[in-house]
Amino acid sequence: QTWIESGLNWEKVGEECLGYMPAFVREVAIHAKLCAISLTSENEVPTVTEKILINAANDLKERHLRCSHEVGIRQPQQ
């Protein structure tokens, strides 16, 4: 079985990660995976949902902005 919700809107998730450094995109995936595991009963397969991914991206937004500023990366205009 897959851990990814079927019909997930990757475009919407991508919009939440717009401008993220690759390391932060990876952290979104890790954060989402751990969240899915924590929300799952022992006999169920964890499922990473669109909502979990978007929440993970939003949770990392402030840290990404601080790190980007420190290394001199300009953020895209939204």
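Note that the coordinates shown come from a computational prediction; the quantities given were computed from them, not determined experimentally.
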Inset, instruction - Give a yes or no answer on whether the side chain of E50 reaches the backbone of N9 with a donor-acceptor pair at less than 3.5 Å. - result: yes

Legend entry - Short side-chain to backbone donor-acceptor contact, Y20 and A57, under 3.5 Å: yes

Legend entry - CZ-CG distance between R26 and L60, expressed to the nearest 0.5 angstrom: 12.5 Å

Inset, instruction - State the CG-CD distance between L65 and E62, to the nearest 0.5 angstrom. - result: 5.5 Å

Going by heavy atoms in the side chains, are [X] and [Y] under 4.5 Å from each other?
| X | Y | answer |
| --- | --- | --- |
| P46 | K33 | no |
| E5 | V48 | no |
| T49 | L8 | no |

Could you tabulate the donor-acceptor pairs under 3.5 Å formed by side-chain atoms of residues 38-45, not counting sequence neighbours?
| unit_1 | atom_1 | unit_2 | atom_2 | d |
| --- | --- | --- | --- | --- |
| S38 | OG | C35 | O | 2.8 |
| T40 | OG1 | A36 | O | 2.5 |
| E44 | OE1 | S41 | N | 3.2 |

Legend entry - Identified side chain to side chain contact (heavy atoms under 4.5 Å, CB included) counterpart of V28 within the set I54, D59, L53: L53

Legend entry - ring-ring contact (aromatic ring centres under 6.0 Å, His included) pairs, two or more places apart, involving residues 23-53: F24-H64

